[in-house]
Chemist: 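Once you've had a glance at the structure underneath, I'll fire off some questions.
Every chain is numbered from 1, with letters handed out A, B, ... down the list of sequences. The analysis underlying the following values was restricted to heavy atoms, covering all of them including side chains, and did not include hydrogens, waters or symmetry mates.
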Amino acid sequence: MALRRGHIRYLKVCEVQTSQNDVRDGQHAAKGPAVKRADDGGRRRPDQLIVNYLPQSMSQDELRSLFSSVGDVESAKTHPGQSGSLGYGFVNFVNPSDAERAISTLNGLRLQSKTIKVSFARPSSDMIKDANLYISGLPRTLSQQDLEDMFTRFGHIINSRVLVDQASGLSRGVAFIRFDKRSEAEDAVKHLNGHTPPGSSEPITVKFAANPNQARNSQMMSQMYHGQSRRFGGPVHHQAQRFRFSPMSVDHMGGGNSVSGNSSTGWCIFIYNLGQDADEAILWQMFGPFGAVVNVKVIRDFNTNKCKGFGFVTMTNYEEAAMAIHSLNGYRLGDKVLQVSFKTSKGHK
DNA sequence: TATTATT
């Protein structure tokens, strides 16, 4: 399916702009031994995938559902945080050979505002925990590559990111670097904290990054602190709360006959005019960017296993479902123009 | 001067 392939390539291009390491990992995973890195030998589990940059709203069931589009999932776990997941999870397939295909199919998939990363997990160990560094006071001219060049002598860099101002796209002078081992990160702190890069007048600060839980707590504390002085110190703008339809509230509206597409699990969307080779992955790729997708299903002929021309997608939030329908109805997929609407009990027109 | 990568 030409269009699908093009779509995936586009997603990969997005990834290139985000992080070089992501790409290196992705290629490594997709191509196998050809681009083997010496320091990866024996340090990855071919039976388990780690999924990073997941939307926090994504549940374990949604993660399972997403990877079920590739093969039978044995287990799917998200790391629980205060509100939803911490942004990463683990997936095992019944048949481990599906893992490679999951990487090539799902790595780089855009879900909501995130671009997920799918790669082989490293064997769990205490050594690889708390190996993430926070660096501040960097020259604004320093690129991600410059940053890695500065830190690479201390160990194997898993990933790095220079934070940029959203409006201007310019460096904010702060960055994160994750090393493979905590001892490597410790080494980098020892040697580079307080060090002034050549051509710069300011020393950089290198320290261990606050872990996600701490970061969220301090962020919350700070919000509470500032929020209170604001709340009681000035005029209160009554923020009109955006009204959200929810399956629950509709169910309470009586009967639900006048409203279609909803159920206890979300809003069911009907997609008509899919090609014979349509699969679950393409539905995830099309609908995922619009919001929380609970489930996707391609209806296939029992005997031929070919798509019968239609499928369903269930989304949690009405507004996101409506936006997806509005955007994707009439969308040209391959040589067909899709019809996308809320599922009706009577069937489509 | 803070993103969410080890169950």
Chemist: Between the base of B/dT3 and the side chain of A/R161, is there a donor-acceptor distance below 3.5 Å?
Modeler: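 Side chain to base: no pair present.
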Chemist: Among B/dT1, B/dT3, B/dT6, which is the nearest nucleotide to the side chain of A/A121?
Modeler: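 For the A/A121 side chain, the nearest candidate turns out to be B/dT6.
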Chemist: Assess whether atom NZ of A/K297 is packed by more than 12 heavy atoms of other residues, nucleotides or ligands within 6.0 Å.
Modeler: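 Not more than 12 within 6.0 Å, no.
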Chemist: Closest to the A/K129 side chain: B/dT4, B/dT6, B/dA5?
Modeler: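 The closest nucleotide is B/dT6.
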Chemist: Test of understanding: with salt bridge (charged side-chain N to carboxylate O under 4.0 Å, His left out), list the residues that count as partners of A/R45, not counting sequence neighbours.
Modeler: A/D47
Chemist: Under the 5.5 Å and 30° test, is A/Y134 stacked on the base of B/dA2?
Modeler: yes
Chemist: Quick check for you: among B/dT3, B/dT1, B/dT6, whose closest atom lies nearest to any side-chain atom of A/A209?
Modeler: B/dT3
Chemist: B/dA2, B/dT6, B/dA5: which one has an atom nearest the side-chain heavy atoms of A/K207?
Modeler: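 Out of B/dA2, B/dT6, B/dA5, the nucleotide with an atom closest to A/K207's side chain is B/dA2.
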Chemist: So what does A/Y88 hit on the nucleic acid, given a heavy-atom distance under 4.0 Å: a base, only sugar-phosphate, or nothing?
Modeler: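 Sugar-phosphate contact only - A/Y88 comes under 4.0 Å of backbone atoms but never of a base.
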Chemist: Heavy atoms only, 4.0 Å cut-off, all strands: where does A/L163 land among base, sugar-phosphate and nothing?
Modeler: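 Result for A/L163 = sugar-phosphate.
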Chemist: Just checking A/R45: base, sugar-phosphate only, or nothing, at a heavy-atom cut-off of under 4.0 Å?
Modeler: base
Chemist: Please evaluate residues A/N295 and A/V313 with respect to the criterion side chain to side chain contact (heavy atoms under 4.5 Å, CB included), reporting the C-alpha separation (whole Å), side-chain torsions for both, the decisive distance (0.1 Å), and the verdict.
Modeler: CA-CA 6 Å; A/N295 189 37; A/V313 170; over 6 Å; no
Chemist: Establish, from distance only, whether the side-chain atoms of A/S97 and A/N95 form a donor-acceptor pair under 3.5 Å.
Modeler: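 Yes - a donor-acceptor pair under 3.5 Å links their side chains.
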Chemist: Considering every strand and a 4.0 Å limit on heavy-atom distances, what is the contact class for A/K77: base, sugar-phosphate, or nothing?
Modeler: base
